[in-house]
Every structure is written in C-alpha cells, then in structure tokens.
Amino acid sequence: MLLKLKVTAAAAIALSTGFAMAQEVVTIGHVGPTSGAIAHLGKDNENGAVLAIEELNAAGVMIGGKKVTIKLMAEDDAADPKQGTSVAQKLADAKINGVVGHLNSGTTIPASRIYNEAGIPQVSPSATNPKYTRQGFGTAFRLVADDTQLGGTLGRYAVSTLKGKAIAVIDDRTAYGQGVAEEFSKAVTAAGGKLVAKEFTNDKATDFNSILTTIKGKKADVVFFGGMDAVAGPMLRQMKSLGINAKFMGGDGICSTELVKLAGDAVTDNQVFCAEAGGVEGQGKAGMEAFKAKFKTRFKSDVQVYAPYVYDGVKLMVASMVKAGSSDPAKYLPVLAATKDYAGVTGPITFDNKGDIKNGALTLKSIKGGKLETLAVIR
C-alpha cells in the first residue's frame with residue numbers, strides 16, 4: 001500500500017512537472033513547399049523562421065513574467081492546395097500558438113479558413129493574391145504588397161519604361177499566377193498598351209513551344225509570365241531556342257537568385273524584369289545586408305526571396321505575445337492586429353484594418369551580369 005502511494009505521488013509530480021513544462025513552450029508553425037519544384041523557396045522561408053527562433057531563444061523571452069522556449073513546427077505543403085489544408089488542420093489540431101506561412105497564395109488562401117476557425121493568427125510572408133485578406137478573417141495578416149500593387153506596377157512599367165508595343169501574357173493557372181497576370185493586364189490596358197496574346201500553362205509544365213510559337217507569331221516585344229521561377233527558367237531557354245528576343249517580365253515568383261541558374265545563358269542583360277513584393281531603402285539597407293550576411297553564415301546559402309519576411313513574421317508574433325503578456329492566441333491577436341511601426345529588417349510594419357501591410361514597398365529588379373540587381377524601390 002505504501003509503495004502504491006509512493007508511485008502515485010511520483011506520477012502526480014511527473015504529470016504536474018510535465019504540464020508546467022508544456023506551459024513554458026510556445027509553438028509557432030511554419031508552412032512552405034520544402035519538396036517539389038520550388039522547394040528552394042520553401043526551404044529559404046523555413047530557414048528564416050529557424051534563424052528568428054534561434055535568436056529569440058538565445059536572447060531569452062519572457063511572456064507574462066515567465067521565461068518561455070520558442071519551438072518551431074515546420075511542415076511541407078508542396079505548393080499543393082490539398083496538402084496545404086491538410087497541414088493546416090494538423091497545426092490547428094496541435095493547438096499551436098501561431099503560424100507564419102504559407103508561401104503560395106494557392107495554399108495560403110484555403111489554409112487561412114482553417115486557421116481562422118481555430119482562432120490561430122496567421123502571418124503570410126509572401127502570399128500576394130488580394131483575396132487572402134479580403135475574406136473577412138480577423139486572423140490573417142500579410143507582410144508584403146499584394147498583386148494589385150505588384151501587377152499594376154509591372155504593367156505600367158512595361159508600357160511607360162520598356163515601351164512595349166505588343167505585350168503577351170502567360171499564367172500558370174494558380175491563384176498567384178492568375179492573380180498577378182490579371183492585374184498586369186489591367187494596368188497595361190489602362191496605360192494605353194496593347195495586349196496581343198493571353199496564354200496559359202500550369203505550374204509543373206516543361207514544354208512551352210506551342211504557346212511561345214503563337215506569341216512569336218504575334219511579334220510580341222514583351223512577354224509577362226505569372227508563375228514561379230521553376231517554370232520561368234525553362235520557358236526562357238525555349239524562348240531563346242525559338243529566337244524570341246522579347247523582354248521577359250514576372251512578379252516575385254520569378255524574382256529569385258535561382259532563376260539565374262535555371263535560365264542559364266538564355267538570359268541576356270536587361271532582358272528580364274521582375275518585382276519583389278517588398279523592399280528596403282535608405283537606412284534600412286544596412287539592416288537587410290546584415291541579415292543576409294548572418295543568414296549566409298548560418299545556412300551556407302544566399303537568401304532567395306522571402307526569408308527576411310518570415311524572420312520578421314516570427315519575431316513580430318512573439319513581440320505581440322510579450323506585449324500582451326500571453327501566448328494565448330485570443331489574447332495576443334488584438335495586439336498583433338494593432339501593430340504600428342514595428343521595426344523589422346524588411347522595414348516598418350503597420351497593418352491596416354484588413355491585415356494588409358500599410359505603405360508596402362515593391363522592388364523592381366533586372367538580371368545583369370548573371371545577378372539580380374535592384375532598379376528601384378517603389379511605394
């Protein structure tokens with residue numbers, strides 16, 4: 001009997017200790033495509049989360065007077081909407097404290113409903129389709145400018161700066177690709193430009209000869225592609241083989257260092273123009289360069305595109321918990337929504353009433369000498 005009492009008491013202590021330990025762990029989810037054609041972008045984003053969490057834990061975080069450990073729950077959605085919702089449900093069932101992701105609009109939008117129903121704050125570092133923050137969900141936040149700004153800016157640039165006379169548009173039928181292509185097309189028309197072709201492919205295609213032959217027949221001098229770098233690289237190679245010397249444009253999906261490798265010698269200087277939904281200027285440049293150097297030291301690779309936004313998303317989420325004195329989503333969510341002038345490495349962060357970043361920047365870039373070079377930061 002005495003032995004039984006001792007065991008029961010020990011079990012009770014173990015259970016209570018385990019419970020206390022559980023309360024000291026704050027779990028933040030990250031979701032991105034870490035498998036598939038754009039795994040390099042998903043891993044880049046995940047590494048941004050890893051770096052932020054390592055720094056937070058090294059510095060020590062106090063929430064509500066208690067020291068906490070930040071834990072990352074990283075999941076792969078393979079850029080597939082069905083897998084994205086499955087992973088979102090997994091995170092919701094795990095009752096995580098918040099999520100930074102997903103990377104693609106096509107996975108972010110359906111996943112956002114699941115997070116909203118679970119009351120879990122979601123900060124997207126890279127989804128640009130306007131629909132994401134226009135669903136009326138109070139849990140959805142975006143750290144970058146959306147397709148209205150992105151596609152619109154590129155459309156005007158194609159007409160006014162590149163002097164495009166015959167402009168062709170291709171999209172990959174994803175939520176992101178279609179969204180940015182539609183906004184680009186509207187801006188071209190509004191600026192007085194002429195659209196000579198509208199074609200589409202898919203996000204896993206490798207053969208574009210049919211649509212490119214059609215575009216060549218239309219004598220297009222500017223080709224816009226709404227999609228990702230994994231498709232844009234082979235497309236540029238096939239444009240070269242067909243003798244199409246048009247300017248090639250795209251949104252943030254092609255604005256990566258990987259595109260230079262994928263396209264190889266198919267790209268000439270001042271041929272490719274893209275816009276990244278974000279950007280820093282002035283004093284902010286020093287902070288971004290310091291981040292990139294730190295990132296390369298830690299992961300032995302350069303930043304692709306959005307790792308800095310994931311990094312800021314994680315740190316902003318934790319800062320909101322600290323300010324609220326609680327990691328309970330219901331308690332820190334109002335603080336996150338009221339974010340004003342948070343000093344991130346990507347620039348100051350303030351959310352509007354939809355959860356969109358206010359005064360979001362765009363960075364226009366071009367490939368020169370085999371590298372992406374910044375042309376201008378536009379707000």
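Shortest non-hydrogen contact noted between T201 and R173 is O-CG, 3.2 Å. The two residues N45 and S126 make their nearest non-hydrogen contact at ND2-OG, 3.8 Å. Here the closest non-hydrogen pair linking T108 and H102 is OG1-O, 3.2 Å. Contact detail for F291 and P308: the closest heavy-atom pair is CE2-CG, 3.5 Å. Taking both residues in full, the closest heavy atoms of A145 and Q149 are given as CB-OE1, 3.3 Å, listed atom of the first, atom of the second, then distance.
Atom CD of E75 and atom NZ of K90 lie 3.5 Å apart (nearest 0.5 Å). Atoms OG1 and CG, on T174 and D80 in that order, are 12.0 Å from each other to the nearest 0.5 Å. For the atom pair E182 CD and K198 NZ, the distance stands at 7.5 Å (nearest 0.5 Å).
Side-chain contact check for D146 and Y132: no donor-acceptor pair (N or O, by modelled atom type) lies under 3.5 Å. Remark: the D229 side chain and the S256 side chain contain an N/O donor-acceptor pair separated by less than 3.5 Å. Residues E199 and T214 bring no donor and acceptor atom of their side chains to less than 3.5 Å of each other. Judged by distance alone, the side chains of T133 and D356 do bring a donor and an acceptor atom under 3.5 Å apart. No side-chain N or O of S366 forms a donor-acceptor pair with one of E373 less than 3.5 Å apart.
Among residue pairs with one or both ends in residues 53-98, none qualify as ring pair (Phe, Tyr, Trp, His ring centres under 6.0 Å); sequence neighbours excluded.
Placement of V123 and L51 within a single hydrophobic cluster is found when ILVMFWY residues are connected by side-chain heavy-atom separations under 4.5 Å, directly or transitively. Side-chain heavy atoms closer than 4.5 Å link hydrophobic residues (I, L, V, M, F, W, Y) into clusters, and following such links, even through other members, never connects I211 to V180. When the side chains of ILVMFWY residues are joined at heavy-atom separations under 4.5 Å, either directly or via intervening members, Y342 and I63 end up in a single hydrophobic cluster.
The number of heavy atoms from other shown groups lying within 6.0 Å of NZ (K95) does not exceed 12.
Between N129 and I109 there is a side-chain heavy-atom pair separated by less than 4.5 Å. In this structure, M288 and T346 have side chains that are in contact, with non-hydrogen atoms separated by less than 4.5 Å. Between V188 and V169, the closest side-chain pair of non-hydrogen atoms is not below 4.5 Å. At a threshold of 4.5 Å between non-hydrogen side-chain atoms, the residues Q178 and F200 do not count as touching. At least one side-chain heavy atom of F248 sits less than 4.5 Å from a side-chain heavy atom of M235.
Here D147 does not pair with K131 in a salt bridge; the nearest charged N to carboxylate O distance is not below 4.0 Å. Using a cutoff of 4.0 Å between basic side-chain nitrogens and carboxylate oxygens, D269 and K368 are not scored as salt-bridged. Ion pairing between a basic and an acidic side chain is recognised when a charged N comes within 4.0 Å of a carboxylate O; E276 and K365 show such pairing. Salt-bridge formation is detected for the pair K354/D352: a Lys NZ or Arg NE/NH1/NH2 atom is positioned less than 4.0 Å from an Asp or Glu carboxylate oxygen.
Ring pair Y309/Y306 is perpendicular by interplanar angle, where above 60° counts as perpendicular and below 30° as parallel. Aromatic ring orientation, F351 versus F141: tilted (interplanar angle from 30° to 60°).
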Quiz item: Hey, mind stepping through L91 and V31 against side chain to side chain contact (heavy atoms under 4.5 Å, CB included) and telling me if it holds?
Solution: CA-CA 10 Å; L91 293 178; V31 188; 3.5 Å; yes
